[in-house]
Asks: 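Can you read through this structure? Questions will come right after.
Reckoned from all heavy atoms, side chains included, excluding hydrogens, waters and symmetry mates. Note on naming: letters A, B, ... go to the chains in the order of the sequence lines (proteins, then strands), and numbering restarts at 1 for each one.
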Number of protein chains: 2
Amino acid sequence: MNKLENIRIVLSRPSHPGNIGAAARAMKTMGLSRLYLVQPRKFPHPDAHAMSAGCTDVLDNAQVCDTLPQALQGCSLAIGMTARRREISHPVVFPREAAQLVLQQEQEVALVFGNETSGMSNEEIMLCQRLAHIPANPEYSSLNLAAAVQIIAYELRMTAETPLHKSGGKAAKMATHDEIEGFYRHLQQTLIDIEFLNPAMPGRLMSRLRRLFTRAGFQQEEINILRGILKAVNEK
Amino acid sequence: MNKLENIRIVLSRPSHPGNIGAAARAMKTMGLSRLYLVQPRKFPHPDAHAMSAGCTDVLDNAQVCDTLPQALQGCSLAIGMTARRREISHPVVFPREAAQLVLQQEQEVALVFGNETSGMSNEEIMLCQRLAHIPANPEYSSLNLAAAVQIIAYELRMTAETPLHKSGGKAAKMATHDEIEGFYRHLQQTLIDIEFLNPAMPGRLMSRLRRLFTRAGFQQEEINILRGILKAVNEK
């Protein structure tokens, strides 16, 4: 679970101290502890402590910053949470993919949540390398700030725990981009060799297989197993 | 998203009306609407309405029941949420697997959440066919009731939405238990045939492959593609 210690939850311009407390609780239930607050309207505040349900350690250690760049200092990746599609060229990922991206980083990472009402400003978004979007009911997408933190924290823990369960206590290494692409090249060539894929008419086969595997996310060891299987097929 | 209409969120003996309201909001953000309350200590109550952030429709339509069996009437599956391992033979699944199970059902399904402090009683658990466990920080696992509802509702929406995205608007059918097990049998036999798996010393190969695919969850069409690939290998 050490990877979770590299993760900052940044709340930018939060209006309600109760939400800060509830976010602290949401973080701690999932093993996150590093809270950054950019210009909180009211903090410290009794409502924050009341809503934290005893997570005063997270609140006491919270870093209060004047600007978002200050909160992001030292991070190799910042992912902004957005409730809507934007006219911006940032890639938008689901929380699950965001969690995978975060846990692949060796350095510190920030997940940035905007103001309860106005969300993230364009200036704030320009400071992030990616955007993440929590899917919601189009007719009522008013997710509470702490509830959004809860979902992201949950996905981070699920992703961090999954390899742990898988390899009996030792945290498994997630596959890198290059390893994953190497696997897809190998898979594609094998499918051509066994005449399942016609390179002249590839259709959507590879993209369907990619989607299936992307939903799961790859551990390095799993890539090795799959490439071992492909190799055994190649040799027949 | 119609499948979400078959899902009941059952709060059994909730103590705090504020949690009922926050749970209603959590549900509605993810497209769930059917709230069942078993012996709520205080309901209706102004705190419930305040915390629902305008989701009065969910609260107004909530079914208040005297007993859990009454709330489960007509359900083909009830999944109880548990915060801890139990001395009970129920299979315990993660929220993601619970969401897949739920969305495979044709009839109504209930997700049952116990009291804030005491959780589900053994009598309540015996009325469920499965248990689901939200992974949490072992040192602080005090997940708020509405936060637990939020995570489950999010997983349900993610699972319900995913096939929708994947097949250009038409909801893809999830694979059934039998189809999935049929695939694993076919996969195992093929791995034996290509001499990648030694049936005398199978090791943990199949369980590792199962874990990878379980994380993703199978659509029927994906099973068909994979079995097509296995068939092409068999024919070589």
Asks: Look up atom CZ in B:R25 and atom CG in A:N144, then write down how far apart they are to the nearest 0.5 Å.
Replies: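 The distance works out to 4.5 Å.
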
Asks: So which atom in B:I229 and which in A:I194 form the shortest heavy-atom distance, rounded to 0.1 Å?
Replies: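 What the structure gives for the nearest pair is O-CD1, 4.0 Å.
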
Asks: Using heavy-atom distances under 4.5 Å, tell me whether A:L191 contacts chain B through its side chain, its backbone, both, or neither.
Replies: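 For A:L191, the side chain is the part near chain B, not the backbone.
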
Asks: Checking heavy atoms, do the side chain of A:L197, its backbone, both or neither come under 4.5 Å from chain B?
Replies: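 Contact with chain B involves no heavy atom of A:L197 at all.
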
Asks: Taking A:P95, A:S207, A:G54 one by one, which has the highest count of heavy-atom pairs under 4.5 Å against chain B?
Replies: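 Looking at each of A:P95, A:S207, A:G54 in turn, A:P95 comes out on top.
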
Asks: So, for A:R157 and B:P138, which heavy atoms are closest and what is the spacing to 0.1 Å?
Replies: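 So the minimum-distance heavy-atom pair works out to NH2-CD, 3.5 Å.
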
Asks: Return the CG to CG distance between B:L32 and A:N137, rounded to the nearest 0.5 Å.
Replies: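 Rounded to the nearest 0.5 Å, the CG-CG separation comes out at 9.0 Å.
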
Asks: Around atom CD of A:E235, are there more than 12 heavy atoms of other residues, nucleotides or ligands at under 6.0 Å?
Replies: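 Enclosed: over 12 neighbouring heavy atoms sit under 6.0 Å from CD of A:E235.
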
Asks: How far apart are the closest heavy atoms of B:E161 and A:P135, and which atoms are they?
Replies: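 The answer is OE1-CB, 3.3 Å.
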
Asks: Quick one: what part of B:E155 sits under 4.5 Å from any heavy atom of chain A, side chain, backbone, both or neither?
Replies: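 The side chain, not the backbone.
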
Asks: To the nearest 0.5 Å, what is the distance between CZ on A:R211 and CD on B:Q219?
Replies: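 Spacing of CZ (A:R211) from CD (B:Q219) equals 8.5 Å.
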
Asks: Only pairs of heavy atoms separated by less than 4.5 Å count here; which of A:A153, A:C55, A:A26, A:A22 has the most with chain B?
Replies: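 If we count pairs closer than 4.5 Å to chain B, A:C55 comes out on top.
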
Asks: Whether the B:Y154 and A:Q150 side chains hold a donor-acceptor pair (N or O, under 3.5 Å, no angle test) is what I'd like checked.
Replies: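 No pair is found: no donor N or O on one side chain lies under 3.5 Å from an acceptor on the other.
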
Asks: Please round to the nearest 0.5 Å and tell me the distance separating atom CG of A:L230 and atom CZ of B:F196.
Replies: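 Atom-to-atom, A:L230:CG and B:F196:CZ are 9.0 Å apart.
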
Asks: Could you state the interatomic distance from CE (B:M30) to CD1 (A:I134), rounded to the nearest 0.5 Å?
Replies: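 That separation rounds to 6.5 Å.
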
Asks: Between atom CZ of A:F213 and atom CD of B:E222, what is the distance when rounded to the nearest 0.5 Å?
Replies: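 Separation between the atoms: 9.5 Å.
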
Asks: What residue pairs, at least two apart or across chains, pass salt bridge (charged side-chain N to carboxylate O under 4.0 Å, His left out) with a residue in residues 186-199 of chain A?
Replies: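 Checked against salt bridge (charged side-chain N to carboxylate O under 4.0 Å, His left out) - neighbours excluded - the pairs reaching residues 186-199 of chain A are A:E195-B:K236.
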
Asks: Of the listed residues (B:A232, B:S142, B:S141), which shares the most heavy-atom pairs with chain A below a 4.5 Å separation?
Replies: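 Option with the greatest count: B:S142.
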
Asks: Can B:L212 and A:L226 be said to form a side chain to side chain contact (heavy atoms under 4.5 Å, CB included), step by step?
Replies: CA-CA 11 Å; B:L212 167 66; A:L226 292 173; 3.9 Å; yes

